[in-house]
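We use all heavy atoms of the structure for the numbers below, so side chains are in, but hydrogens, waters and symmetry mates are not. We name chains A, B, ... by the order of the sequence lines, and we start the count at 1 in each one.
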There are 2 protein chains.
Amino acid sequence: MQNGEKTKDQAPRLSNRLFFRLYQCANMLHKTGTRALDAHHITTQQWAVLGALTRPAFEPGVAVGDLAAFLLVSRQNLTGVLTRLEAMDYIERTVDENDNRSRLIRLTTKGRSLWDEDMRPVISDFYDDALRGFSTEDRIHMIHYLDKMLRNFKDIDPEIQTDKKAAE
Amino acid sequence: MQNGEKTKDQAPRLSNRLFFRLYQCANMLHKTGTRALDAHHITTQQWAVLGALTRPAFEPGVAVGDLAAFLLVSRQNLTGVLTRLEAMDYIERTVDENDNRSRLIRLTTKGRSLWDEDMRPVISDFYDDALRGFSTEDRIHMIHYLDKMLRNFKDIDPEIQTDKKAAE
DNA sequence: CAAAGAAAGTAAATATATTGACATAAATTG
DNA sequence: CAATTTATGTCAATATATTTACTTTCTTTG
C-alpha cells in the first residue's frame, strides 16, 4: 500500500518531466533548425511550409486552410509566413478558378530549386546530427509515441474534428 | 543489395516524419496548453517559467541567465515574459546583493498561490488528457528518447557546452 | 432569385522567440 | 590600481503564432 502510493505519487513527476522535455526539444528544434538554414534565410516554419508544398498531393496547389490544417497552425499565422515566402519568390499565390475566395499556394521554380539543391542536403545532415544514436527501431518507436500524443492533442482541441466516426 | 538500398532509402522518410510529428506536437502543445490555462491568462511559456520557479533549487531566487539556460530559451526572450509576469504580480525581480548586475527572479505569494491553487489542478488534468493511453513504461521510454534527442541538439548548438569532459 | 448564413483569406492586437546592439558592473591583466 | 575583457540584463528589429474582427465570395433558404 505504501509502495503503491509512492508509485502513484511518481506519475505527475513523470508527466511533468515528459512535457518539459518536449518543451525543451521544441525550443531546440526551432533554434538549431533555423540556425542550420540561416545561410539561406529560412526559418523552421518556412521550412515546414516549403516541405509541405513538395508533397505530391500539394504540388498542383493547396488552399491556405488545408495547409494550415496539415501543419497544425492557424490560418492567420500562415498568412504572414506565406507573404514572406512570396516576397522571396519561393512560392506563388494564385486564385482558385473554382472558388474565387480561395488562393492556391504553390512552389515556384526558384522555390523548388532552393528545396532540392540547397535545403535538402542541409536538412539531411541536420537529421543525422539530431538523431545520432537512434536506431531505425528507436525512430519508429518515437514516431509511434508522437503520433499517439498528437491524436490526444487533437481530441483536446475543439476545433479539430478527428473524424472518429467517419471512416477515413 | 536491392533490399538494402530500399531500406536505406526509407531512412530520410522516417527522420522526416519524426521531426514533422515533433513540429506538430510542439504546435499543439502550445495551442492546447495555452487554451487550458486561458482562464488565468497564462501562456505555455509563462507556465514553464512559473513551473521552474517552484523548483526547490530556484526558490531562493534565480538569475535570468540561469533560468534561460534551464528552459533552453534566450535571455532576451525571457526579459519580455518576466516583465509581463511581474506586471501581473506573479514574480518579482530583486538585485543580487553579491552581484549588482544580476537580478534574482522569485515567485511572489500571489504567484505561488496561482500555481498551487489554480494552475496545478488544470495542468494535472491536461497531462492526463495528453498522455491518455500511455503506460508508465511508455512515458519512461518517451522521456528517454526526448532526453537523447535533447543531448544531440545541445551538441549541435555551439552556445551550449554539454560538459562532456567535466564530470557532473 | 434575394437575404441570411457560412467559408476563405487577411489585417490588427498581443505574446513569444531569435539575433544584434548596448549599458552597467564585475573580473582579469599589465 | 587603471585598462581591457567579460558577464548580466535589457532594448530594438524581425519572424512566428494566437484570437478577434473584417472583407469578399459562395452557399443555403425562403
Side-chain angles (χ1 to χ4, degrees), chain A residues 23-24 26-49 61-69 71-88 93-105 157-160, chain B residues 23-24 26-49 61-69 71-88 93-105 157-160:
Chain A
Y23 165 84
Q24 289 180 310
N27 290 345
M28 293 303 284
L29 172 63
H30 290 298
K31 189 182 291 189
T32 60
T34 296
R35 206 172 291 161
L37 287 167
D38 189 46
H40 306 291
H41 305 290
I42 291 293
T43 66
T44 44
Q45 288 76 17
Q46 295 171 358
W47 164 3
V49 169
V62 59
V64 176
D66 292 339
L67 192 54
L71 300 174
L72 296 182
V73 297
S74 66
R75 265 163 32 247
Q76 295 90 324
N77 166 24
L78 271 191
T79 296
V81 182
L82 294 177
T83 298
R84 281 179 284 273
L85 285 173
E86 193 179 31
M88 291 189 279
R93 286 191 249 222
T94 52
V95 177
D96 186 345
E97 296 201 355
N98 301 115
D99 188 340
N100 282 315
R101 293 170 303 180
S102 182
R103 307 294 130 117
L104 292 181
I105 310 298
D157 191 336
E159 297 197 9
I160 298 181
Chain B
Y23 165 84
Q24 289 180 310
N27 289 346
M28 292 303 284
L29 171 64
H30 289 298
K31 188 182 293 191
T32 60
T34 297
R35 205 172 292 160
L37 288 168
D38 189 46
H40 307 291
H41 305 290
I42 291 292
T43 67
T44 44
Q45 288 75 18
Q46 295 171 0
W47 166 2
V49 169
V62 58
V64 175
D66 291 339
L67 191 54
L71 300 174
L72 295 182
V73 296
S74 66
R75 265 162 34 246
Q76 295 90 323
N77 167 23
L78 271 192
T79 296
V81 183
L82 294 177
T83 299
R84 280 179 284 273
L85 285 173
E86 192 178 31
M88 291 188 281
R93 287 190 248 222
T94 52
V95 177
D96 186 346
E97 295 201 356
N98 302 114
D99 186 339
N100 282 317
R101 295 169 301 179
S102 181
R103 305 296 128 115
L104 291 181
I105 311 298
D157 191 336
E159 297 198 8
I160 298 180

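Listed by chain and number, the residues in a side chain to side chain donor-acceptor pair (under 3.5 Å) with B:Asp99 are B:Arg101 (sequence neighbours excluded).
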Could you run down the sub-3.5 Å N/O contacts of the protein with nucleotides 25-27 of chain D?
unit_1 : atom_1 : unit_2   : atom_2 : d
D:dC26 : OP1    : A:Asn100 : N      : 2.9
D:dC26 : OP1    : A:Asn100 : ND2    : 3.1

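B:Arg84 comes within 4.0 angstrom of a base, heavy atoms only. B:Ser102 comes within 4.0 angstrom of the backbone, heavy atoms only, and of no base. When heavy atoms are screened at a 4.0 angstrom cut-off, B:Gly80 is found touching no nucleic acid atom at all. Among the heavy atoms of the strands lying under 4.0 Å from B:Ser74 is at least one base atom, whether or not backbone atoms are also near.
OP1 or OP2 of D:dT10 has at least one side-chain nitrogen or oxygen of B:Arg93 nearer than 4.0 Å. For B:Gln76, no side-chain nitrogen or oxygen approaches OP1 or OP2 of D:dT8 to under 4.0 Å.
Separating the CD1 atom of B:Ile105 from the C1' atom of D:dT10 is a distance of 12 Å, rounded to the nearest angstrom.
The nearest heavy atom of DNA chain C to A:Arg35 and to A:Leu82 marks one nucleotide each, and the one closer to the 5' end goes with A:Leu82. Both A:Gln46 and B:Thr83 lie near DNA chain D, and the one whose nearest nucleotide falls closer to the 5' end is B:Thr83.
In this model, a donor atom of one side chain and an acceptor atom of the other lie less than 3.5 Å apart for A:Arg93 and A:Thr83.
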